[in-house]
Number of protein chains: 2
Amino acid sequence: MQKLKQLNHLLIEFYDKLSSWEQSVVKETGYTLAQVHTIEVLGSHGPMRMKELADRLSITTGTLTVQVDKLVKAGLIVRLPQESDRRSILVDLTPEGRALHEHHNALHLALVEDLTRHLSSEEQQMLITSMTKINREF
Amino acid sequence: MQKLKQLNHLLIEFYDKLSSWEQSVVKETGYTLAQVHTIEVLGSHGPMRMKELADRLSITTGTLTVQVDKLVKAGLIVRLPQESDRRSILVDLTPEGRALHEHHNALHLALVEDLTRHLSSEEQQMLITSMTKINREF
DNA sequence: TTATTTAGTTTGATTATCAAGGTATCTATT
DNA sequence: AATAGATACCTTGATAATCAAACTAAATAA
């Protein structure tokens, strides 16, 4: 029970710190949090339809339409109408969008490297194992 | 390097899932995410001044003033003017606010219990150790 | 005393978001 | 084939969160 409380607190603390880190990192790009988040999802999962993207971002397709409009205007993504289903639209990164993702992802990797540098190889391995189990349960 | 990528991905996945979970849990309370987040911080760290609360929430004091107005009106918190420094104001939970925090916190604990139930006692212990180190570095 | 810093508030503008309604397209049923 | 229902996306109107900048009051330093 004490362990649970402790773990709960640690996970929340990590969440808050990551949230704050992301905010400050995003601010420097000149884009908004929602925009960068959209780029992140497209960058790490590849092109996808509006519906799926909205689901992954936990927003409605209505909200996403507005967001995608801005990103298209900014030259970061493109809308690709689908022949197979003419209702749906594939959204994909432009080279500029991909560049932004690469850059942002590099910052994430550098952060994780920094955060885990005092973990032994064994601890790192077990952290991977544990987080995998946790995410699977989520 | 492969490990880093893997860990980065796992942490982001966890973050996104927790974010989504929090959103749906908060929705059921009838309060907004920002409101519940404010209650959470006050509940787990105790009463504090506007400035400190704003810092912990990563928002400006201007934003917080508006937020606190709403929470006071909703009966969840109170403003306690300080005699020692008459510029500053201590913000604290009312019994109603505390009840909301208790309830929300219980959901968090239940979630963590659920997520970690397939971890061995040893894994749980090492997860605590690792997350402690990570948060310290953050 | 005067100047500077600090704590909190107010205001105006921007962004993100949702719910609800609308259009076009696809799918299943008759 | 015709119709009904479901799905994908878009549009619109309203609300919430946020910041920057200007403001007030109080504390602190010169």
Side-chain angles (χ1 to χ4, degrees), chain A residues 16 19-42 47-74 76-92, chain B residues 16 19-42 47-74 76-92:
Chain A
D16 285 342
S19 188
S20 167
W21 176 87
E22 181 79 4
Q23 236 174 325
S24 70
V25 160
V26 161
K27 182 170 287 181
E28 288 169 7
T29 66
Y31 297 103
T32 68
L33 191 59
Q35 285 171 346
V36 173
H37 201 183
T38 303
I39 298 299
E40 274 188 279
V41 171
L42 285 175
M48 65 184 77
R49 290 176 300 110
M50 293 289 289
K51 186 64 174 62
E52 186 183 354
L53 184 52
D55 285 348
R56 282 193 191 273
L57 292 169
S58 301
I59 59 178
T60 63
T61 58
T63 299
L64 183 58
T65 293
V66 177
Q67 215 49 257
V68 165
D69 283 345
K70 292 178 193 167
L71 289 170
V72 167
K73 189 170 290 185
L76 297 178
I77 65 176
V78 281
R79 278 189 170 95
L80 301 171
Q82 292 297 91
E83 275 313 309
S84 57
D85 181 342
R86 303 216 317 275
R87 292 169 305 180
S88 76
I89 288 178
L90 208 65
V91 181
D92 197 7
Chain B
D16 285 342
S19 186
S20 166
W21 177 87
E22 181 79 4
Q23 236 175 326
S24 71
V25 160
V26 162
K27 182 169 286 179
E28 287 169 7
T29 67
Y31 297 104
T32 66
L33 190 58
Q35 286 171 345
V36 173
H37 200 184
T38 304
I39 298 299
E40 275 188 277
V41 170
L42 285 175
M48 64 184 80
R49 292 176 299 112
M50 293 288 288
K51 187 64 174 61
E52 187 183 352
L53 184 51
D55 286 347
R56 281 193 192 274
L57 292 168
S58 302
I59 59 179
T60 63
T61 57
T63 299
L64 183 58
T65 292
V66 177
Q67 214 50 257
V68 165
D69 284 346
K70 290 180 194 166
L71 289 169
V72 167
K73 188 171 289 185
L76 298 178
I77 66 176
V78 280
R79 278 189 171 95
L80 302 171
Q82 291 297 91
E83 276 311 313
S84 57
D85 181 343
R86 305 217 314 278
R87 291 169 305 178
S88 77
I89 289 177
L90 210 64
V91 181
D92 197 6

A.B. asks: B/L53 has an atom CG; how far is it from atom C1' of C/dA7, in whole Å?
C.D. replies: 13 Å
A.B. asks: Using a cut-off of 4.0 Å between protein heavy atoms and nucleotide atoms, how would you tag nucleotides 6-21 of chain D 5' to 3' with B, S and -?
C.D. replies: -BSBBB----SSSB--
A.B. asks: Could you tell me the separation between the OG1 atom of A/T38 and the CD1 atom of A/I77, rounded to the nearest 0.5 Å?
C.D. replies: 7.0 Å
A.B. asks: Supply the atom-to-atom distance A/Y31 OH to A/I39 CD1, rounded to the nearest 0.5 angstrom.
C.D. replies: 8.0 Å
A.B. asks: Which atom names give the shortest non-hydrogen contact between A/E22 and A/L33, and what distance separates them?
C.D. replies: CG-CD1, 3.7 Å
A.B. asks: In whole angstrom, what separates B/Q82's CD from C/dT6's P?
C.D. replies: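 These atoms are roughly 19 Å apart.
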A.B. asks: Report yes if the side chains of B/D69 and B/R79 come closer than 4.5 Å at any heavy-atom pair, otherwise no.
C.D. replies: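 B/D69 reaches B/R79 side chain to side chain.
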A.B. asks: Atom CZ of B/R56 to atom P of C/dA7: distance rounded to whole Å?
C.D. replies: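 Computing the B/R56:CZ to C/dA7:P distance gives 15 Å.
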A.B. asks: Indicate yes or no: does B/D55 engage B/R49 in a salt bridge with an N to O separation below 4.0 Å.
C.D. replies: no
